[in-house]
Amino acid sequence: MEYNFENKFVETDETIIFFDNYINIDSPKEKFVIISHLSADNLAYLQQATLPAKTFVSQNLFLLLQKLTKFELIANLNLDLKVLPYGFAVSVADSKITALNSDDGLWGSMALYLEHDHQKLGYVAKFDIHGIHKKRIKAWKKFFSQQKLDYLILGYQDSDDSDNYLSKTGQLKNIEKTLEQADSTQIHLEMTPFDPEQLVKIDDLAHRLDYQIKWLPGYAELISYFKQLDFKEGSPAATDKNLIQRKAQAHIADDLTISSPLLAEDGKIDFMNNFAYPTEAELKEILKYIAAKQVYFV
């Protein structure tokens, strides 16, 4: 098994498996793409009319993509996808891949374990150890440690933005404080359809404080659907402007607006708002615990 560090793919005798990236390599081998989390590049990939390779997503991400399309919150999504069930090894040509539930602050991210010809690889592109689903992170860390990995591939960058990190719990506390004081006309926070769990909590908080959020129909339907689920532990496309308009028009009562810019400075959808990579000390603890033979950062 050959791992291409720069381009994030594994090549075996029969297949080329791309992780969150696809390159048009001239090869007769069967090609697969695994989307492990939401990102601007991954969303652009899923908006192609025809996907260039068999593409896998997690159970939760497939559910969200279905609902975003059904409720017309985002258009042009290609749902010709295959689903990786959590915790079960799936044969992909001459390899076996296991999806593990994870948390990167949005909905549907996963860690991946790949086994081929006695070589063992763990891959996690983006994860938030300070998120609301810490048990998911602990679970895949433990699983990776038990497998005695040959390779561990982690998404990581040393960022100065960590000081500005505001957790989801912190967001809710700020909203509650603002509503109780009733002296502000706007609340600024990340409010995106890619995080239905937080939307549900914001809506529930508003109701508890006797406010009614005037969600537009797409958001209202999305929230209504995800309220049925149990949350407890146990693109740079042409449609972006429409999504911004929907996002900016959510209102509480007549004098309070929840808003947040959706696009980053480069014009892409901002999936990084309020996200913090682990600190250097936390990263060292993770690497020591998993104890893989070789570690790469992507």
Side-chain angles (χ1 to χ4, degrees), residues 7-10 17-22 32-48 51 53 55-68 73-74 77-79 81-87 90 97-114 121-141 143-144 152-157 159 161 165 167-168 190 192-199 226 231 235-237 262 264 268-278 283 286 296-298:
N7 295 311
K8 295 197 295 185
F9 67 81
V10 165
I17 301 173
F18 297 89
F19 299 102
D20 299 307
N21 191 30
Y22 176 79
F32 299 87
V33 174
I34 303 179
I35 303 295
S36 75
H37 68 291
L38 282 165
S39 70
D41 290 338
N42 286 342
L43 190 61
Y45 173 85
L46 293 172
Q47 289 178 313
Q48 297 178 91
L51 298 181
T55 302
F56 290 86
V57 296
S58 71
Q59 293 171 253
N60 281 345
L61 184 53
F62 185 73
L63 173 64
L64 176 60
L65 296 175
Q66 279 186 316
K67 299 309 173 184
L68 291 175
L73 285 166
I74 192 164
L77 281 177
N78 191 322
L79 296 180
L81 305 170
K82 298 184 180 299
V83 173
L84 287 174
Y86 296 119
V90 175
I97 298 177
T98 303
L100 305 164
N101 207 356
S102 190
D103 181 21
D104 71 343
L106 297 176
W107 182 268
S109 68
M110 60 179 171
L112 296 166
Y113 170 69
L114 183 147
L121 180 148
Y123 172 87
V124 194
K126 186 165 172 265
F127 61 99
D128 187 354
I129 61 174
H130 302 291
I132 59 177
H133 296 295
K134 298 180 180 66
K135 290 183 179 180
R136 297 178 185 175
I137 310 297
K138 291 180 180 179
W140 61 249
K141 283 169 51 182
F143 182 86
F144 283 175
L152 174 64
I153 317 301
L154 287 181
Y156 175 75
Q157 66 184 46
S159 174
D161 295 334
Y165 174 80
S167 69
K168 293 185 179 183
E190 179 181 3
T192 166
F194 303 108
D195 186 10
E197 186 170 7
Q198 187 75 340
L199 291 177
F226 278 90
F231 292 131
S235 115
L262 184 63
K268 292 186 175 183
I269 293 180
D270 184 6
F271 287 96
M272 295 299 295
N273 196 15
N274 290 328
F275 174 83
Y277 282 98
L283 181 63
I286 292 171
Y296 297 98
F297 297 107
V298 294

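Every value quoted in this text rests on a predicted model; they were computed, and no experiment measured them. Computed from heavy atoms alone, side chains included, the values below leave out hydrogens, waters and symmetry copies. We count residues from 1, following the sequence as given.
- K82 meets the side chain to side chain contact (heavy atoms under 4.5 Å, CB included) test with K54, F56; sequence neighbours excluded.
- Partners of T98 under the side chain to side chain donor-acceptor pair (under 3.5 Å) rule, at least two apart in sequence or in another chain, do not exist in this structure.
- Considering every non-hydrogen atom in both S102 and F127, the closest pair reads OG-CB, 4.1 Å.
- Rounded to the nearest 0.5 angstrom, R136 CZ and S109 OG are separated by 7.5 Å.
- Applying the side chain to side chain contact (heavy atoms under 4.5 Å, CB included) test to S36 and every residue at least two apart in sequence or in another chain returns D20, M110, L112, Y123, A125.
- Atom CG of residue N78 and atom CD of residue Q48 lie 8.0 Å apart, to the nearest 0.5 angstrom.
- For Y113, the ring-ring contact (aromatic ring centres under 6.0 Å, His included) criterion is met by F143, not counting sequence neighbours.
- Considering only residues two or more places apart in sequence or on other chains, K168 meets the side chain to side chain donor-acceptor pair (under 3.5 Å) condition with D195.
- Atom CD1 in I35 sits 8.5 Å away from atom CG in L81 (nearest 0.5 Å).
- Applying the side chain to side chain donor-acceptor pair (under 3.5 Å) test to N60 and every residue at least two apart in sequence or in another chain returns Y86.
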Criterion side chain to side chain contact (heavy atoms under 4.5 Å, CB included) on Q198 and T192, from CA distance to verdict: CA-CA 9 Å; Q198 187 75 340; T192 166; over 6 Å; no
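- Distance check: L79 CG to Q66 CD gives 6.5 Å after rounding to the nearest 0.5 Å.
- Atoms CG and CD1, from L114 and I34 in turn, are 7.0 Å apart once rounded to the nearest 0.5 Å.
- Listed by chain and number, the residues in a salt bridge (charged side-chain N to carboxylate O under 4.0 Å, His left out) with K141 are E285 (sequence neighbours excluded).
- Using cut-offs of 30° and 60° on the angle between ring planes, the pair Y156 and F297 is tilted.
- Of all the heavy atoms in A53 and Y22, the pair that sits closest is CB-CE1, 4.0 Å.
- Residues satisfying the side chain to side chain contact (heavy atoms under 4.5 Å, CB included) test with N7, not counting sequence neighbours, are N4, F9, N21, I23.
- Across all non-hydrogen atoms, the minimal contact from V124 to A111 is CG2-CB, 3.6 Å.
- Between the side chains of T55 and Y45, at least one donor N or O sits under 3.5 Å from an acceptor N or O.
- Just one of L46, D104, L106, V57 meets the side chain to side chain contact (heavy atoms under 4.5 Å, CB included) condition when paired with L38; it is L106.
- To the nearest 0.5 Å, atoms CG (L65) and CH2 (W107) are separated by 12.0 Å.
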